[in-house]
Amino acid sequence: MKLLPEPISSRCGQKLWRFTEAAGSSWLCPVGCIFCESGRNGFVRNLTSSEIVQQIILLRRKVNRIVFMGMGEPLFNYDNLIKAIHILRDRYGLNFPTDGITISTVGPVDQLKKLREEHLKIQLTISLHAATQSARNRIIPHMRIYAIEDVVKQALSYSERHNRKIVFAYLLLPGINDRPSDVRQLAKWFRGKKVMINVLQYNPTSNSRIKAPQKREIVAFKHQLEQAGLEVTMRVSHGREINAACGQLANTYNKFKKK
């Protein structure tokens with residue numbers, strides 16, 4: 001788990017802080033994203049529903065939002081995840097606000113179909129990271145069994161079913177997913193839909209094959225998406241100086257484990 005502070009402004013101009021907990025769903029991860037350290041040592045096991053809930057209990061007084069985007073793919077631990085969410089939002093559980101809970105997923109299609117039929121009223125973020133099948137296969141190799149068109153289709157179906165805005169996370173990787181044709185494809189899918197594109201910054205890992213984009217490249221790509229009629233935001237990454245930013249958290253631990 002990881003606590004992410006976010007500054008917000010009060011009415012009197014004083015800086016206040018909102019805290020988001022990035023909760024995990026498993027011990028290490030089976031997905032194998034090339035930009036993430038968490039899956040480089042493979043997968044150990046899923047967390048139980050009680051272990052998932054315990055992460056929030058440990059920080060309950062500080063947490064304003066919960067995002068299941070910590071270690072592990074949450075929808076691969078579907079039953080325990082849903083049980084944990086019911087406990088979190090139940091009035092006799094933690095009574096956590098439903099709108100404050102987000103599932104961030106790479107989008108296994110069968111589980112997305114099941115999630116569409118749940119009555120949880122939670123937020124959904126899809127880690128898309130590509131506009132073509134070949135690029136997504138390269139970025140998230142263990143998800144090649146799912147067609148990117150099907151992932152997008154099911155995510156949009158969730159949005160329509162629950163009248164929710166869906167966030168599509170897009171980690172910009174120069175030379176892989178930043179072409180003009182990628183912008184056109186994203187616009188074809190999402191223009192006029194209840195969708196926000198969240199352009200992400202790559203945080204350095206041990207994968208030396210990845211080239212991190214310059215800030216100007218990220219800004220330029222964001223501008224292209226906006227010009228194509230899409231709603232876009234850029235996430236500011238925190239914790240890089242201590243290897244605790246998104247994708248880095250398992251780095252030091254895994255190195256110690258190998259010794």
Side-chain angles (χ1 to χ4, degrees), residues 2 4-9 18 20 22 31-40 65 67 69-70 102 104-107 123-141 143 148 151-152 155 165-251:
K2 181 165 59 174
L4 308 174
E6 179 184 357
I8 57 176
S9 297
R18 178 173 66 183
T20 298
V31 174
C33 301
I34 64 171
F35 54 82
C36 184
E37 292 286 357
S38 297
R40 293 181 71 82
R65 296 172 64 239
V67 182
M69 61 175 289
T102 299
S104 180
T105 173
V106 292
Q123 311 300 325
L124 182 64
T125 294
I126 302 293
S127 294
L128 190 64
H129 305 313
T132 65
Q133 189 69 49
S134 59
R136 197 166 200 254
N137 290 348
R138 181 177 175 183
I139 297 168
I140 317 176
M143 291 295 291
I148 189 171
V151 174
V152 170
K165 179 180 290 186
I166 302 297
V167 175
F168 284 88
Y170 201 93
L171 182 77
L172 193 65
L173 299 173
I176 299 178
N177 62 1
D178 63 341
R179 300 168 299 178
S181 59
D182 295 320
V183 174
R184 291 194 295 270
Q185 182 60 57
L186 293 172
K188 180 180 177 181
W189 281 334
F190 304 134
R191 186 189 293 119
K193 305 291 186 180
K194 288 188 174 182
V195 165
M196 175 183 289
I197 308 295
N198 189 3
V199 180
L200 309 181
Q201 177 183 13
Y202 169 66
N203 296 305
T205 66
S206 60
N207 190 341
S208 59
R209 295 174 296 172
I210 297 180
K211 175 189 174 185
Q214 300 294 318
K215 180 65 177 294
R216 56 179 173 79
E217 293 177 298
I218 301 174
V219 172
F221 188 76
K222 176 178 181 288
H223 180 69
Q224 291 175 51
L225 293 175
E226 290 172 333
Q227 290 294 104
L230 299 177
E231 183 179 353
V232 191
T233 187
M234 287 173 50
R235 188 172 79 193
V236 177
S237 187
H238 299 285
R240 299 178 69 182
E241 67 279 1
I242 57 172
N243 287 335
C246 185
Q248 296 181 315
L249 196 56
N251 189 19

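Predicted model only: the values in this text are computed from it and were never measured.
Here the rule is side chain to side chain contact (heavy atoms under 4.5 Å, CB included) with N177, and of L128, I139, T132 only I139 fits it.
To the nearest 0.5 Å, the span separating CG on L124 from OG on S104 amounts to 8.0 Å. Annotation: the span from I34 atom CD1 to I176 atom CD1 amounts to 5.0 Å, rounded to 0.5 Å. From I166, atom CD1 reaches atom CD of Q123 across 8.0 Å, with rounding to the nearest 0.5 Å. One distance of note links NE2 of H129 with CG of L173; it measures 8.5 Å at 0.5 Å rounding. For the atom pair C33 SG and L171 CG, the distance stands at 9.0 Å (nearest 0.5 Å).
For R136 against V106, the heavy-atom pair with the smallest separation is NH2-O, 2.5 Å. Nearest heavy-atom pair across A130 and I148 is O-CD1, 3.5 Å. Summarising the geometry of Y170 relative to A131, their closest heavy-atom pair is OH-N, 3.9 Å, with the distance given to 0.1 Å. Here the closest non-hydrogen pair linking V151 and G107 is CG2-O, 3.4 Å.
Under the salt bridge (charged side-chain N to carboxylate O under 4.0 Å, His left out) criterion, K165 pairs with E231, sequence neighbours left out. T105 is linked by a side chain to side chain donor-acceptor pair (under 3.5 Å) to E73, counting only residues two or more places apart in sequence or in another chain.
Within the 4.5 Å cutoff, side-chain heavy atoms of V152 are placed close to those of F190.
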Could you tabulate the donor-acceptor pairs under 3.5 Å formed by side-chain atoms of residues 180-188, not counting sequence neighbours?
residue : atom : partner : partner atom : Å
D182    : OD1  : R179    : NH2          : 3.4
D182    : OD2  : D178    : N            : 3.2
D182    : OD2  : R179    : N            : 2.9
D182    : OD2  : R179    : NE           : 3.4

Show which side-chain atoms of residues 212-224 pair as donor or acceptor with protein atoms under 3.5 Å away, not counting sequence neighbours.
residue : atom : partner : partner atom : Å
E217    : OE1  : Q214    : N            : 2.6
K222    : NZ   : E226    : OE2          : 2.6

Quick one, L230 with R191, criterion side chain to side chain contact (heavy atoms under 4.5 Å, CB included). Give me CA distance, side-chain angles, the key distance, then yes/no.
CA-CA 6 Å; L230 299 177; R191 186 189 293 119; 4.2 Å; yes
